[in-house]
There are 4 protein chains.
Amino acid sequence: REPLVLLTGPCQLESLDHARMMAERIAAACAPTGTRFVFKASYDKANRSSLGSTRGLGLEEGLGILSKIGSEFGCPTLTDVHLPEHCAPAAEACDVIQIPAFLCRQTDLLLAAGETGAAINVKKGQFLAPWDMENVAAKIASTGNERILLCDRGTSFGYNTLVSDFRGLAVMARTGWPVVFDATHSVQQPGGQGATSGGQREFAPVLARAACAVGISALFIETHEAPDRAPSDGPNMIPVDEMEALIGRLRAFDALAKSA
Amino acid sequence: REPLVLLTGPCQLESLDHARMMAERIAAACAPTGTRFVFKASYDKANRSSLGSTRGLGLEEGLGILSKIGSEFGCPTLTDVHLPEHCAPAAEACDVIQIPAFLCRQTDLLLAAGETGAAINVKKGQFLAPWDMENVAAKIASTGNERILLCDRGTSFGYNTLVSDFRGLAVMARTGWPVVFDATHSVQQPGGQGATSGGQREFAPVLARAACAVGISALFIETHEAPDRAPSDGPNMIPVDEMEALIGRLRAFDALAKSA
Amino acid sequence: REPLVLLTGPCQLESLDHARMMAERIAAACAPTGTRFVFKASYDKANRSSLGSTRGLGLEEGLGILSKIGSEFGCPTLTDVHLPEHCAPAAEACDVIQIPAFLCRQTDLLLAAGETGAAINVKKGQFLAPWDMENVAAKIASTGNERILLCDRGTSFGYNTLVSDFRGLAVMARTGWPVVFDATHSVQQPGGQGATSGGQREFAPVLARAACAVGISALFIETHEAPDRAPSDGPNMIPVDEMEALIGRLRAFDALAKSA
Amino acid sequence: REPLVLLTGPCQLESLDHARMMAERIAAACAPTGTRFVFKASYDKANRSSLGSTRGLGLEEGLGILSKIGSEFGCPTLTDVHLPEHCAPAAEACDVIQIPAFLCRQTDLLLAAGETGAAINVKKGQFLAPWDMENVAAKIASTGNERILLCDRGTSFGYNTLVSDFRGLAVMARTGWPVVFDATHSVQQPGGQGATSGGQREFAPVLARAACAVGISALFIETHEAPDRAPSDGPNMIPVDEMEALIGRLRAFDALAKSA
C-alpha cells in the first residue's frame, strides 16, 4: 500500500505571493520524508458562519493562482466547489475537486464534478453516517468517474461540537474508495465563537495520529504561517513551521499501519 | 398573536392533477377551523439519499403548476430552491421561497433568495445550533428583505436519527423572526433505509402538539393521499384524510398557547 | 384520564422548618387548581459533581422530616434512594421511592425498592433510549410490585448538555406504566459549571408545556424559595412564587391533552 | 514511559477452571512481547440490561477465584464493585478495584474504594465529558489514595450507540492520572439487542490501535475462548486466540507513540 499523501495548504487563497510562500514551506516540510502532497486552497468561502467574514479572491483569480502553483511547484492542486457550473473551470485549473461537507448530498454538484473526470474528494456531511457515503460515491461513479476519495471531517455531536468516530474510517474503506481524514476541520467548533467557528488546534495532531494508526490513504490538514491572523479557520489550522515534525511522526504511524 | 398558519402539501409535485387534488383536500381539511395554509411542493428533490430516487418535474413545469394552484385556490404557495439562479423564477411563481436545511449556510443562495423580496423560510441545518440561525437570518436581512421565517426540522442525534430540541424554538424566537416547526421532517430517519430515508410518521402529531404548546407562528407538515406510495418522504408524511382532525387538535393547543 | 399530579419540592432537605415552609407554599400554589402534589426532597445527594458540595441531612434526620411533612400536610411524599438497604426505611417514611437516573440499571436497588411495595418512580438514565426502560420496569415488576412510574429527565446530547426527546414520552407510555416528565432536571447542564452542574431554569416551563401537550401522568419539578441560594440544583429550580401561575398554565394544557 | 499494560480477562467469572484456562491463555498471548497484564473478571454483573441475564458467581466465590488466579499466575487481578461494602473484601482479594461507568459519580462508592488503598480504575460515565473526570478523581484522591486510573469506555451518541472521542484521552491525561482505553466496551451497543447489549467486536482492534497511537498507559480489553457463548458481553469480546497477534500489533503502536 502506498504511503500517506497529504492534502494541505492554507484554508483560503490570500494572494499569489502568499500561495507561493505556503507551497514552498509545505514542499520543504515534506521533503525530508519524501511525502507527496496536493496543494489545497479555496477561491471562495461560500458558507461562512456570518456575512461579515472574508470570502476570498473569487473563481477567476483563485483558479489562476492554483494553476500557477501547480506548474511552478510540480504538485497536484485541490480546490472546493459550491455550484455545478464551477466544476468545469475548477477541473481545468486543479487536479482534485472537493465537495464540501454541507453539499455532499447535492446531486447536481456531484454529477457535474464527476463529469469533469478530475479526482473528487467528497467530505462526509456532519449529518451523515459513514455508511451513507456509499450512496454519495455512487452518484459520482454514475458519471463513469471512479477517481473518488471519501473524507471524514467529523460528525455532529451536540451543539457547536464535532466528534471523530474512527470506526467510520473502517466503514468507509469497505466501499473500496480511498479514505481521507481531515484532521483540522475535525477539531472545528462550528459556530463556537458566535459569528465564526472556533477550533481546537492542539487536538489535530492527536486525531491525525489516531487516523494514521487506523489506516488512511491521505490526510487533509490545513496550515498557515500565522493561523491566528488567517482570514478563516485560524483556530484549527496547524502553524506551517510545525508541519515537518508532524509529518515525520505521522509517516511513522502510517508506515507501521501499512506494514505486515 | 395570529393563529397558526400551515405550510403544507405533498413533498414533491407529481402532476397538475395531483397538486389540484391535494390542494382541494387540504383546503377542505382547513376550512372547518378557518386555518390559513400555504401550499407547499417541490419541483426538484435535489439532494436525495441516492441517485435512483425520483427527482421531480423540474423547474419550469413545477413552477407552472404552483403558479396555477396559487391562482386557482387563492392560497399562497411555497417551494424550495437549490441554486441561486432558481430564486428569481421561484419567487415569480410562489410567495414563499424555502432554503433547504443542508443549504442554510450557502451565502449566495441566501442572498439571491433575499433579493427576490419573497418571504423566505430557512430551515435550520441539522448540524447547527438554534442560536446559529441568527447569523443565517442576518445574511438574508442584509438584502433588505425582512420577511424571514426560521424553521426547525430536527438536529443530528447519533447516526440516522434526528431529535427535536424544543428549547430551540424559544431560542430562535429571541431573534424576533417568526418560528416554524417542521413536524414531518423532524421524524425523518435520514438514510435510515439504506438508499432512502426512513421516518416515524406516528410521532409527527406528537411533536406538532409539543411545538404548538411551546408557541410557533407556523407549522410545516407534509401530507399525501397515500404516503406509502409517495415518490419521496412517504415514511414521514401524514395521510391527508387525517389532516382535518389533526388541524383541529393543533389549533386548540395553539389557541391555548397564545391566550393570556 | 386523571389530571396531572405534581412531584415537587426542594432538591434537598435543608431543615424541618424549611421543608414545612416549602410544603406550605407548594400547597398554596396548588390549591386554586386543586392540583394534587407529592412532596419531594432528598435526604442525601449521593452523586454530586464534586466532593466539595453539600450532601444533605442524612437518612435518619431526612426521613424523619419527610414523615412529619406527610402527616402534617396530608400529602404523599417522595425521596430518592442510592443503596438497597435504604429502600425499606425510605418506604416506611415515604409513599414514593425514586431511583436516580445514574442507578436505573442497578438490579439490586431496583429489586429492593420493588420489594417495599411502595410506588417506584424510576428515572430514565441519560445514557438509555426510552425503549430500554421496559427492561428496567420489568426488574421492578418481577417483585410483584406494579406501582411503577417511568420518568424522563433528558438524554445525553454532546458534552455537558441534555436534550428532551418528546417521542420518548410516547414510547415509554407504550409500556403501560404511567409516564412522568422531569422539567427541571431536563434543563440541567451536567458538570456545566466545572465543579457543579449548571442549568437553564428559563426553559423548564417551556419543556413542561410541551410535555403536558404530549400527555403525561405526572410532572416532576423542583422548586425553592430562592434557587440561587439553594444548596443544589439552583440553576434549574423554579422559584416557588412562580409555581401557582405555572401550575395554572400547565393544568390547562394537561386538560386539553386529556380531552376528547 | 512504561510500555502498555493490559487489563484483560473474561467479562464475568464462570468457574475456577474457566478462569485458570483464560489466565493461562492470556499469559501465553502476552509472553512473546513480554506484555504485563492484570487479570480482570467480574464476580457479579449488577447492572444487566434485563433481569433474565446471568449475574455471576457472587462475591465470596468470585473473590476466592480471583485470589487463587493472582497467586497461581503471579499476576495482579482486577474486579469491579457496585456497593461500598464490597470494596474492602474486593481489595483483599484483588490489586485493582474498578468503578463501573454508571457508578462513577456515586461518592460513597468512590470513597470506600479509595480507602482500601488499592489501585482504582474508574470508568468515565457514558454521560460525562472527559474533563468531568477530574472531579471524580478528586473524590478518590481525598482519601489519600493516589493510585488512580481514568478509563474511557465511550460516550453516549444518540440511542443504543457509543462513540469514542480520542480528544478525551488527551484531556484526561492532563489530570496527571494514567489513562486507560477500554477497547471492548467502547464498541458495545447498549441495549442494542432489546433485552441485551449488542456490540461490534470487529472495531475493537481498530479503536485500540487509535488509542495506542494517541498514547495510553493501559488498555482494557475483554476476551473469551468463545465469545458467542459467553454469558455476557459476547458481541464485543475478542476471541482469546486472536489476542497474541493483536497484542503484538498494539505494542508496536504503543512503542512508536512513546518513542522520541
Side-chain angles (χ1 to χ4, degrees), chain A residues 44-53 55 82-86 100-111 114 125-143 154-163 165 167-168 171 189-192 194-197, chain B residues 44-53 55 82-86 100-111 114 125-143 154-163 165 167-168 171 189-192 194-197:
Chain A
D44 181 17
K45 307 310 295 177
N47 57 19
R48 301 299 302 259
S49 293
S50 62
L51 195 61
S53 302
R55 284 191 56 165
H82 315 281
L83 293 171
E85 63 263 32
H86 289 188
F102 292 157
L103 302 181
C104 74
R105 284 271 297 266
Q106 303 305 312
T107 306
D108 290 332
L109 185 63
L110 294 164
L111 297 181
Q126 300 87 338
F127 45 84
L128 281 190
W131 45 85
D132 295 331
M133 289 300 283
E134 187 167 1
N135 288 322
V136 169
K139 289 185 184 179
I140 300 171
S142 77
T143 64
T155 300
S156 291
F157 179 65
Y159 291 134
N160 302 311
T161 309
L162 299 171
V163 69
D165 179 359
R167 291 171 299 192
V171 169
Q189 297 176 308
T196 59
S197 287
Chain B
D44 181 18
K45 307 310 295 177
N47 56 20
R48 300 300 303 260
S49 293
S50 63
L51 195 60
S53 302
R55 284 192 56 165
H82 315 281
L83 293 171
E85 64 265 31
H86 290 188
F102 293 157
L103 301 181
C104 75
R105 284 270 297 268
Q106 303 304 312
T107 305
D108 289 334
L109 185 64
L110 294 165
L111 297 181
Q126 301 87 336
F127 45 84
L128 282 189
W131 45 84
D132 296 332
M133 290 300 283
E134 189 168 359
N135 289 320
V136 169
K139 290 185 184 179
I140 301 170
S142 77
T143 64
T155 300
S156 291
F157 179 66
Y159 291 133
N160 302 313
T161 309
L162 300 171
V163 69
D165 180 0
R167 293 171 300 192
V171 169
Q189 297 177 307
T196 59
S197 288

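What's counted below: heavy atoms across the whole structure, side chains too, no hydrogens, waters or symmetry copies. Residue numbers begin at 1 in each chain, while the letters A, B, ... track the order of the sequences.
- The side-chain heavy atoms of B:Thr155 and B:Gln126, taken from C-beta on, include no pair separated by under 4.5 Å.
- Your options are B:Ala138, B:Ala195, B:Ser142, and the one with the most heavy-atom pairs under 4.5 Å with chain A is B:Ala195.
- Taking chain A as the reference chain and counting heavy-atom pairs below 4.5 Å, the highest number among B:Lys45, B:Arg55, B:Arg105 is found for B:Arg105.
- Counting heavy-atom pairs closer than 4.5 Å to chain B, the top residue among A:Cys104, A:Pro130, A:Ala101, A:Gly125 is A:Pro130.
- A:His82 places no side-chain N or O within donor-acceptor distance of the main-chain N or O of B:Asp108, the cut-off being under 3.5 Å.
- Note on ring orientation: taking the six-membered ring where Trp is involved, the planes of A:Phe102 and B:Phe127 are parallel (angle under 30°, cut-offs 30° and 60°).
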Yes or no on side chain to side chain contact (heavy atoms under 4.5 Å, CB included) for B:Leu103 and A:Leu103, after CA distance, side-chain angles and deciding distance?
CA-CA 7 Å; B:Leu103 301 181; A:Leu103 302 181; 3.3 Å; yes

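- Residue contact with chain A, scored on non-hydrogen atoms closer than 4.5 Å, is absent for B:Leu110.
- The contact between B:Asp132 and chain A is made entirely by side chain atoms (from C-beta outward), counting heavy-atom distances below 4.5 Å.
- In terms of non-hydrogen atom pairs under 4.5 Å with chain B, the most contact-rich of A:Ala46, A:Ser156, A:Gly191 is A:Ala46.
- Remark: side-chain polar atoms of A:Lys139 are paired, donor with acceptor, to backbone N or O of B:Arg48 under 3.5 angstrom.
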